[in-house]
**Q** 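Sharing a structure here in structure tokens format.
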Amino acid sequence: ISARTNEERVLGYLYKNFSKQAVSKMKKMAIKLHEMLCHGNHTDYCGWYYEIRDGVHDWNRWEHQHYLIYAHNCYVSKITIEMVKAVERATHDVYSNIGK
């Protein structure tokens, strides 16, 4: 799935081509990816938290779709959240050591 995929069609595509269990894993990964990767201002830059009502994530909204696409691409590429965390740590370590 690409970022250009029509938002309304992303969930339909996933449920048509993957099991409910796989889509559930992708949703969980999307939540983790947002937690790890989004460094945007959540007041006026990232709408992630505005897309959650009474603790329920709205997967048809922009930010959730965006991270769900990332999670799908990780899933089909067999990239685990642990791998993403390792890259994040390595990147953090590199930037932390610049100029030392």
**Q** Taking all non-hydrogen atoms of both residues into account, name the closest pair between A30 and A71 and its distance.
**A**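 For A30 versus A71, the nearest heavy atoms are N-CB, 3.6 Å.
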
**Q** Would you say I52 and Y50 are hydrophobically clustered, going by side-chain heavy atoms of ILVMFWY under 4.5 Å?
**A**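 They do not share one cluster, since no chain of ILVMFWY contacts under 4.5 Å joins I52 to Y50.
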
**Q** Check whether any side-chain heavy atom of H72 lies under 4.5 Å from a side-chain heavy atom of V10, and answer yes or no.
**A**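 The answer is no; the side chains never approach within 4.5 Å.
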
**Q** Considering the options Q21, K20, K28, K27, which one meets the side chain to side chain contact (heavy atoms under 4.5 Å, CB included) requirement together with S24?
**A**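 Only one of Q21, K20, K28, K27 forms a side chain to side chain contact (heavy atoms under 4.5 Å, CB included) with S24, namely K28.
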
**Q** What distance separates I69 CD1 from M26 CE, expressed to the nearest 0.5 Å?
**A**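 If I round to the nearest 0.5 Å, the distance is 12.0 Å.
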
**Q** Could you work out, with ring-ring contact (aromatic ring centres under 6.0 Å, His included) as the rule, every residue matching Y49, not counting sequence neighbours?
**A**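 Checked Y49 against ring-ring contact (aromatic ring centres under 6.0 Å, His included); matches are H34, H42.
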
**Q** Check each of Q65, H64, E63 against Y67 using the side chain to side chain contact (heavy atoms under 4.5 Å, CB included) test, and report the only one that passes.
**A**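 Result for side chain to side chain contact (heavy atoms under 4.5 Å, CB included) with Y67: E63.
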
**Q** Check step by step if side-chain contact (heavy atoms from CB on, under 4.5 Å) holds for K85 and M36.
**A** CA-CA 8 Å; K85 286 178 182 178; M36 293 169 48; 3.5 Å; yes

**Q** For W48 together with H66, are the ring centres under 6.0 Å from each other?
**A** no

**Q** Is there a path from V87 to Y70 through hydrophobic residues (I, L, V, M, F, W, Y) whose side chains come within less than 4.5 Å of each other?
**A**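 Not linked; separate clusters.
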
**Q** Enter the distance from L33:CG to C74:SG here, rounded to the nearest 0.5 Å.
**A** 5.5 Å

**Q** Report yes if the side chains of E51 and W59 come closer than 4.5 Å at any heavy-atom pair, otherwise no.
**A** no

**Q** With side chains defined as the heavy atoms from C-beta onward, is the minimum distance between L68 and L11 less than 4.5 Å?
**A** yes

**Q** So, are K32 and E35 salt-bridged, with charged N and O less than 4.0 Å apart?
**A** yes

**Q** Going from OH on Y75 to CE on M29, what distance comes out if it is rounded to the nearest 0.5 angstrom?
**A** 10.5 Å

**Q** Contact between R53 and D58 at the side-chain level, heavy atoms closer than 4.5 Å - yes or no?
**A** no

